[in-house]
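Let me begin by presenting the structure, written as structure tokens, before commenting on it.
Since the model is a prediction, treat every value here as computed from it, not as a measurement.
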Amino acid sequence: MTPLRIAVLARDLDHPLLAATRRLLSAQGHLTVPAGQDADLLLLKARSAAALQVARGYEESGTPVLNSATATAFCQDRAAMERLARAAGIPFAATVASGPIGGLAWSGPVVVKSRHSRRDDLVARADTAEQWQSLADRWPGEPVITQRPVAGDGWDRKLWVVDGQLFAEQRRSELHPGGPARRPWTPGPEESALALATGPAFGLDVYGVDLLPGPDGPIAVDVNAFPGIRHQPGAPEALAALAVRTALAAREARVG
């Protein structure tokens, strides 16, 4: 078999998941190349406007992209994310209000998040009007959404899916700092089913879902396209296998 060429587009090409995946692909005789070169597949672990433009260029030439540029861009809009999740029957934290933070009034304890997900965006709790005003002063004009806090134990349930394979752990919530940063966790059937249903609903093959334990079962609070999956044995192998299978299918379709 002619070696496959797998392009990688990421802010950090040495991220542990990508580095391990590249080693696996190389051991199988395949090549990983910088984004922009001819390739049989693009791994898209970047969300900037420039990265999405590059990804769309690959797609227009008939080269598959994991995840697609459209699905990746969609997961940056937290308001749209909630609407799609609810339409698909996925329990999701409800939005109380949205708009520029300076134009919204504090309406009781809320979690406030930048509407557009990005690196170093705003994610905080405002339990008082004073805390709300402090956030508004620090983030003038920032478009946000607000959600009612979900009572939890200070741990986020992190679930990652690569080609239908599930990985999980608990991480200390950024809203409840202190103590160990992470701990092992095995999701139950309800959490697993919710995570696995998210991929088809959002058009994602590599993704993460953040869950919290709600009063009536797990509630999704975020969906991430191509997250940084660390400390999860088997995740690089799953990603490498997905990349090879997808690239081969595309190559065979072109030849056929």
- Message: Within the structure provided, determine whether Ile219 and Leu194 are in side-chain contact (heavy-atom separation under 4.5 Å).
- Response: no

- Can Leu25 be reached from Val33 by stepping across I, L, V, M, F, W or Y side chains whose heavy atoms are under 4.5 Å apart? no

- Verdict with reasoning, Phe202 to Val209, per side chain to side chain contact (heavy atoms under 4.5 Å, CB included): CA-CA 11 Å; Phe202 281 75; Val209 184; over 6 Å; no

- Message: Once side-chain hydrogen bond (donor to acceptor under 3.5 Å, both in side chains) is applied, what residue pairs with a partner in residues 101-114 remain, sequence neighbours excluded?
- Response: Lys113-Gln147, Ser114-Glu142

- Test item: Asp77 side-chain N/O and Ala80 main-chain N/O as donor-acceptor pair under 3.5 Å: yes

- Any Pro149 side-chain heavy atom under 4.5 Å of Arg125 side chain: yes

- Query: Does Asn67 use its side chain to pair, donor to acceptor, with the backbone of Val206 at less than 3.5 Å?
  - Reply: yes

- Item | Shortest non-hydrogen contact between Gln165 and Ala238, atoms and distance | NE2-CB, 3.6 Å

- Query: Rounded to the nearest 0.5 Å, what separation is found between the CG atom of Leu211 and the OG1 atom of Thr198?
  - Reply: 7.5 Å

- Query: Looking at Ala220 and Ile90, what are the two nearest heavy atoms and their distance?
  - Reply: CB-CG2, 4.4 Å

- Query: Within the distance-only criterion (no hydrogens, no angle test), does the side chain of Tyr207 pair as donor or acceptor with the backbone N or O of Gly199 below 3.5 angstrom?
  - Reply: yes

- For Arg148 and Pro109, indicate whether the former's side chain and the latter's backbone hold a donor-acceptor pair under 3.5 Å. yes

- Please round to the nearest 0.5 Å and tell me the distance separating atom CD of Gln76 and atom CG of Leu52. 6.0 Å

- Give a yes or no on whether Leu42 and Val8 share a hydrophobic cluster (residues Ile, Leu, Val, Met, Phe, Trp, Tyr; joining criterion: side-chain heavy atoms under 4.5 Å apart). no

- Message: A cation-pi test, strictly: NZ or CZ of Arg172 under 6.0 Å from the centre of the six-membered ring of Trp155 and no more than 45 degrees from its axis. Yes or no?
- Response: yes

- May I ask you to decide if Ser68's main-chain N or O and Thr72's side chain share a donor-acceptor pair within less than 3.5 Å? yes

- Would you call Pro187 and Arg157 a side-chain contact if the rule is heavy atoms closer than 4.5 Å? no

- Message: Quick one, Gln232 with Val162, criterion side chain to side chain contact (heavy atoms under 4.5 Å, CB included). Give me CA distance, side-chain angles, the key distance, then yes/no.
- Response: CA-CA 11 Å; Gln232 298 297 314; Val162 182; over 6 Å; no

- Query: Crowded around Arg119 CZ? As in, over 12 foreign heavy atoms under 6.0 Å?
  - Reply: no

- Note on the structure: Heavy-atom closest pair (Phe92 atom, Ala85 atom, distance to 0.1 Å) is CD1-CB, 3.5 Å

- Out of curiosity, Ile145 CD1 to His116 NE2, how far, rounded to the nearest 0.5 Å? 10.5 Å

- Compare all side-chain heavy atoms of Glu169 with those of Trp160 and state whether any distance is below 4.5 angstrom. yes

- Message: I'd like to know if Asp121 and Arg78 make a salt bridge, using a cut-off of under 4.0 Å between side-chain N and carboxylate O.
- Response: yes

- Message: Heavy-atom count check: over 12 atoms from other residues, nucleotides or ligands less than 6.0 Å from Asp38 CG?
- Response: no

- Message: Is any side-chain heavy atom of Phe226 closer than 4.5 Å to one of Leu204?
- Response: no

- Message: For Gln53, I'd like to know if atom CD has over 12 heavy atoms of other residues, nucleotides or ligands within 6.0 Å.
- Response: no

- May I ask you to decide if Glu130's main-chain N or O and Gln133's side chain share a donor-acceptor pair within less than 3.5 Å? no

- Distance (rounded to the nearest 0.5 Å) between Ile101 CD1 and Arg115 CZ: 15.0 Å

- Approximate separation, where rounding is to 0.5 Å, of Asp153 CG and Gln170 CD: 6.0 Å

- Note on the structure: Nearest heavy-atom approach of Trp132 to Leu104 is NE1-O, 3.2 Å

- Item | Listed partners of Glu82 passing side chain to side chain donor-acceptor pair (under 3.5 Å), at least two apart | Arg86, Thr95

- Item | Note, Leu239 side chain near Leu43 side chain (heavy atom, < 4.5 Å) | yes

- Message: Within the 4.5 Å heavy-atom criterion, are Val144 and Leu122 side-chain neighbours or not?
- Response: yes

- Contact summary for Leu41 and Ala247, nearest pair of heavy atoms: CB-CB, 3.9 Å

- Closest heavy-atom pair and its distance - Ile229, Leu17: O-CB, 3.8 Å

- Sorted by chain and number, sequence neighbours left out, side chain to side chain donor-acceptor pair (under 3.5 Å) with Lys158 holds for Asp210

- Run the side chain to side chain donor-acceptor pair (under 3.5 Å) check on Ser117 and Arg47 step by step: do they pass? CA-CA 9 Å; Ser117 174; Arg47 300 181 295 174; 3.1 Å; yes

- Minimum side-chain heavy-atom gap Asp222-Met81 below 4.5 Å: yes

- Salt-bridged, Asp40 to Arg254, with N to O below 4.0 Å? yes

- Item | Gln37 side chain to Pro34 backbone, donor-acceptor under 3.5 Å | no

- Task: Any chance you could measure Leu66, atom CG, to Thr246, atom OG1, to the nearest 0.5 Å?
- Result: 4.5 Å

